[in-house]
Amino acid sequence: MFRRVVRASKFRHVFGQALKNDQCYDDIRVSRVTWDSSFCAVNPKFVAIIIEASGGGAFLVLPLNKSGRIDKAYPTVCGHTGPVLDIDWCPHNDQVIASGSEDCTVMVWQIPENGLVTGLSEPVVALEGHSKRVGIITWHPTARNVLLSAGCDNLIIIWNVGTGEAMIQLEDMHPDVIFSACWNRNGSLICTACKDKTIRVIDPRKEEIVGEKEKAHEGARPMRAIFLSDGNVFTTGFSRMSERQLALWNPQAMDEAISVHEMDTSNGVLLPFYDPDTNVVYLCGKGDSSIRYFEITDEAPFVHYLSTFTTKEPQRGMGYMPKRGLDVNKCEIARFYKLHERKCEPIIMTVPRKSDLFQDDLYPDTAGPDCAIEAEDWFEGKNGEPILISLKNGYVPGKNRDLKVVKKNILDNKLNTRILLCLCNVPLKNEAKLDEVLKEIKSLKDLVSSQEKRIIQLEEQMSKIAI
């Protein structure tokens, strides 16, 4: 007789707990848009929620301590002309958030330190380059001001937010709608899930696909793909029989999955949230009323089911708090912000421990808010690993610097005659003629300037004579 041994894991007894009503955010009209994004983004300062808005798109930004009933007149971020589909907080600045919308634009916003006092309709920068709605927004994990957006035009654009420029455009790689896009740990690769049922691993700077798997999940419903800290790819999708599946892949050998698990026959898309410090993946199904969690290890079957947290109400969306926003004194290893139809409910995941001391094994050094490299370095080919911080005494937020956008203006430099010719529809053979005209304009301006000075001198002399 073989006795089945229960696998030992420090996360085996993790339990979830929803906070009481007075700590929830009430009376919020959560967006009803039919798009499979999480509709919620959280950081150690704010919770942002996409809401229903008449005549455009808007989202709420609430300080974490602003719980209770939210006034209908509470100011919103409302610069988009179409519904907002996705939002993402900048990992290097807790007051900067990016949004993608049905109006085909990406906007980056700077939130005041203590939250909004009036409605915010002017973004720091509006990024225009997509021809259809923008459904995916994700910041680079280690390089400052690098932002990825993906639209229903099957196009991925990587922006330098500091200059407002589209630096990389990945065209012709995806023949259909992109369901998800995710950076790896140091931001050197991205993985995407597409409607053509293919998972792709892409080197964005070389603009080439370095690994792909067709029919990763054979079902027709949307898939999701995320990178794990060891470089493997974790996916969620549906089987041909419409059962929900999870799978683990090695990007260097994507012919066969490392592991595939079938779960249930619900039709809600599974949104994966990953903690790279503990290697735990949380799966939140849209329309489900549960959060399942799995530990990923190096031993078969590689993806180990831990437990399920269940509530009565189904979730419309879900926000996931970065590790530095958790309460280490209560052994909190994850915090979710669950969206109902009219409210947002925080859910805390805790590992039961008797000791009040800091638990080193639960809180290894985690990614901090400092960026490893600047945008220009990354676009030139450099990589930077996340800069880690200790959570031993809890995370103390530093001062965030304002996001400044320096737009390159061709008119600030010496006038480029070739560009001017194009703008004026002048044939290129007239380039020499235009040079002459420009020189003459310059000499006339100099003459006018010198004459103005002379006139001022003469007027001063006249005033003295009159006296």
### Query
So which heavy atom on Pro123 is nearest to which on Val108, and how close?
CB-O, 3.5 Å
### Task
Look at Asp27 together with Arg342 and state whether they make a salt bridge at an N to O cut-off of under 4.0 Å.
yes
### Message
Below 30° counts as parallel, above 60° as perpendicular, anything between as tilted: where do the rings of Tyr293 and Tyr282 land?
### Response
tilted
### Summary
So CD1 of Ile50 and CZ of Arg316: to nearest 0.5 Å the spacing works out to 11.5 Å
### Message
What I want to find out is whether Arg12 reaches Glu295 closely enough, with some N-O distance under 4.0 Å, to be called a salt bridge.
### Response
no
### Task
State the NZ-OH distance between Lys343 and Tyr337, to the nearest 0.5 angstrom.
14.0 Å
### Task
Would you give the length of the straight line joining atom CE of Met318 to atom NZ of Lys338, rounded to the nearest 0.5 angstrom?
6.5 Å
### Task
Mind running side chain to side chain contact (heavy atoms under 4.5 Å, CB included) on Ile136 and Ser37 for me, showing each step along the way?
CA-CA 8 Å; Ile136 298 167; Ser37 82; over 6 Å; no
### Cationic N near anionic O, under 4.0 Å, Asp264 to Arg244
yes
Donor-acceptor pairs under 3.5 Å, side chain of residues 59-67 to any protein atom, not counting sequence neighbours: which ones?
{"unit_1": "Ser67", "atom_1": "OG", "unit_2": "Asp22", "atom_2": "O", "d": "3.2"}

### Task
Kindly state each residue pair satisfying ring-ring contact (aromatic ring centres under 6.0 Å, His included) with at least one member in residues 117-174, sequence neighbours excluded.
His140-Trp183, His140-Trp378
#### Entry: salt_bridge(Glu52, Arg29) N-O dist < 4.0 Å
no
## Note on the structure
Tightest non-hydrogen contact, residues Pro276 and Ser229, listed as O-OG, 3.8 Å
